[in-house]
Amino acid sequence: MREPGVPRQDVLASLVVFLVALPLCVGVAVASGVPAELGLVTGIVGGLVVGFLPGSALQVSGPAAGLTVLVFEAVREFGLGVLGAIVLLTGVLQIVLGLLRCGRWFRAISVSVVQGMLAGIGLVLILGQLYSMVGAEQPLSGIDKITGLPGLVVDTLSGVASPAGAGIGLGTIAVLVLWPKLPAAVRLVPAPLAAVALATAVSAGLRLDVANVTVRGLVDAIQPPGPGDLAALGSVAALGTVLAFTLIASAESLFSAAAVDRMHDGPRTHYDKELVAQGVGNTVCGVLGALPMTAVIVRSSANVEAGARTPLSRILHGAWLLLFAVLLPAALGIIPLAALAGVLVHAGCKLIPVKAIVPLARAHRGEALVLATTAIAIVVTNMFEGVVIGLVLAVVKSAWDTSHVHVGVRELTDGRLVVTLTGNATFLRLPRILETLEALPKDRLIELDLTAVRHLDHACRTTLENWAKGHNDSDTEAVRVKVLPVAGSGGEGSP
């Protein structure tokens, strides 16, 4: 039986989530290089479509800052029409993965890779929005964005770029940073809304010469992909982008679900159903030519903290976004782009796990290396290649960590040398093993004891056999192998 007061709590929570989502939906769209209304469309679908589907009861979906960089690159390379086709195929893949019960496997992705991915996205987002803040054109590569910063500062100070835009953007960031420190009564207004509203009021009141959001209207902004756009999915580059969208959107959504579950004591997330729900939402967004969606931790945490108890809150937040887009679209046209850039710079900073890096480096240097490498690779190359590099490095690290082997040498009273291997003998540890074995004298009887080896891969087995056959001098008895496991299991044998 539903508890008294739950509908009222959910309605109030939905208004809070709506106020948080509104500036973020618009900001993510503008930063992605698409019409502002398409960000609202994705937010609406996240509420009115995904909100009804099972999976996570309190998680809120919409356009996410984590995909901004990848969407911007996709729009620049393929065009807005193909973006819809990419999002559509991403949604279909997510549905298939969910039906195949792969949702739980996304939780197996290394946390360091995910944190590195978000950190890399945050860095690229920050760098790109600094240029947008002052009305300058963004360089194409991450390296060019970094090397161009001194020139950007000079252009802003000299007036070539927009000093007013810099002031609006930095002021927006200052409000976002200081807002949590204000009294609770003031903080009832969400920080992003307050920051954008104040920036808009200052810009209008002082009549600053800054660019504002371009408004096209909800109906005009929706452009479903055509047959030619769908045909473009046959290229390797487009399919790579689809895979990147699928991996990042799914991982971010399911990691967000795990975080949201820790914030409340209600029903737990069913990960496979949540993946299907995200897939349905992205399929609808693709058909409408809108931005891709993920579950967003900022909106989800606001939903939980506002007292939401059922999916009604996230459904209603989508309804409020729809009403705003239909009744007040002109209100978007007075928002300065510099204010939205400030919101995205702040969001990018929050994607970088600064507080977690130092403790991680102290306790797990390898994981910190994976995180840093993934982030740097994304900045230097691109999103997809950076994530792949991070995943490969994480797999290599895991294989290295699980291939621990100890090589011990002892001499018996009769002069025999006994070499004992303990642990997992794999090709990764061959250099260390061979370094010890090849240093042994060739004129002594040697016994190779493999009874304590838990796993012996083919490469290591073959190498040990060859060493045993050829190590000793011709006038010395051959190396004896006490136990030689076959295919990783115990068993008697000799080379």
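This is a predicted model, so every value here is computed, not measured. The figures that follow rest on heavy atoms only: side chains count, while hydrogens, waters and symmetry mates do not.
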Practice item. Sequence neighbours left out, what passes salt bridge (Lys or Arg N to Asp or Glu O under 4.0 Å) with Arg416? Give chain and number order. Key: Asp414, Glu447
Study note, to complete from the structure: Those residues at least two apart in sequence (or on a different chain) that pass side chain to side chain contact (heavy atoms under 4.5 Å, CB included) with Thr283 are Leu88, Val92, Ile95
Review point. Do the non-hydrogen side-chain atoms of Val260 and Thr269 ever get within less than 4.5 Å of each other?
Key: no
Practice item. For residues Met293 and Val41, determine if any side-chain heavy atom of one lies less than 4.5 Å from a side-chain heavy atom of the other. Key: no
**Study point:** Close side-chain approach of Leu80 and Leu38, heavy atoms under 4.5 Å
**Key:** yes
Practice item. Could you list the residues that satisfy salt bridge (Lys or Arg N to Asp or Glu O under 4.0 Å) with Glu411, not counting sequence neighbours? Key: Arg444
Review point. Is any side-chain heavy atom of Arg309 closer than 4.5 Å to a side-chain heavy atom of Asp10?
Key: yes
Point to revise | Side-chain donor-acceptor contact under 3.5 Å, Asp457 with Thr426 | key: no
Review point. Any side-chain heavy-atom pair from Phe52 and Val280 closer than 4.5 angstrom?
Key: no
Practice item. Consider only side-chain N and O atoms of Asn303 and Ser313, and report whether a donor and an acceptor are under 3.5 Å apart. Key: yes
Review point. Can any side-chain N or O of Ser300 pair as donor or acceptor with the backbone N or O of Val60 at less than 3.5 Å?
Key: yes
Point to revise | Test salt bridge (Lys or Arg N to Asp or Glu O under 4.0 Å) applied to Asp261 - qualifying residues, sequence neighbours left out | key: none
Check your understanding: Judged by atom type as modelled, is there a donor-acceptor pair below 3.5 Å linking the side chain of Thr147 to the main-chain atoms of Asp144?
Key -> yes
**Study point:** Positive for side-chain contact (heavy atoms from CB on, under 4.5 Å) with Leu83, one of Asp229, Thr241, Val71
**Key:** Val71
Point to revise | With Lys145 via salt bridge (Lys or Arg N to Asp or Glu O under 4.0 Å) - residues at least two apart | key: none
Point to revise | Distance-only polar pair, side chains of Gln94 and Ser250, donor-acceptor under 3.5 Å | key: yes
**Study point:** Residue pair His471 / Leu440, side-chain heavy-atom distance below 4.5 Å
**Key:** yes
Check your understanding: Can you tell if the side chain of Pro139 reaches within under 4.5 Å of the side chain of Tyr131, non-hydrogen atoms only?
Key -> yes
Would you tabulate the side-chain donor-acceptor contacts of residues 345-364 under 3.5 Å, counting partners in other chains and residues two or more places apart, or write 'none'?
none

Check your understanding: For Leu421 and Val419, what are the C-alpha separation, side-chain angles and deciding distance, and is it a side-chain contact (heavy atoms from CB on, under 4.5 Å)?
Key -> CA-CA 7 Å; Leu421 266 62; Val419 182; 4.1 Å; yes
Point to revise | Derivation and outcome, side-chain contact (heavy atoms from CB on, under 4.5 Å), residues Gln115 and Glu367 | key: CA-CA 10 Å; Gln115 289 181 323; Glu367 295 294 338; over 6 Å; no
Check your understanding: Among side-chain atoms of Asp449 and Thr451, is any donor-acceptor pair under 3.5 angstrom?
Key -> yes
Practice item. Using a 4.5 Å cut-off on heavy atoms from C-beta on, say whether the side chain of Leu393 contacts that of Lys397. Key: no
Check your understanding: Would Arg461 and Glu465 pass as an ion pair if we require N to O under 4.0 Å?
Key -> yes
Review point. Quick one: do the Gln278 and Ser61 side chains pair a donor with an acceptor below 3.5 Å?
Key: yes
**Study point:** Arg410 and Thr420: side chain donor to acceptor below 3.5 Å
**Key:** yes
Review point. Just by distance, with hydrogens left out, do Gln138 and Ser132 show a side-chain donor and acceptor under 3.5 Å apart?
Key: yes
Review point. After noting the C-alpha distance and the side-chain angles of Thr374 and Ile378, does the key distance pass the side-chain contact (heavy atoms from CB on, under 4.5 Å) rule?
Key: CA-CA 6 Å; Thr374 304; Ile378 288 174; 4.2 Å; yes
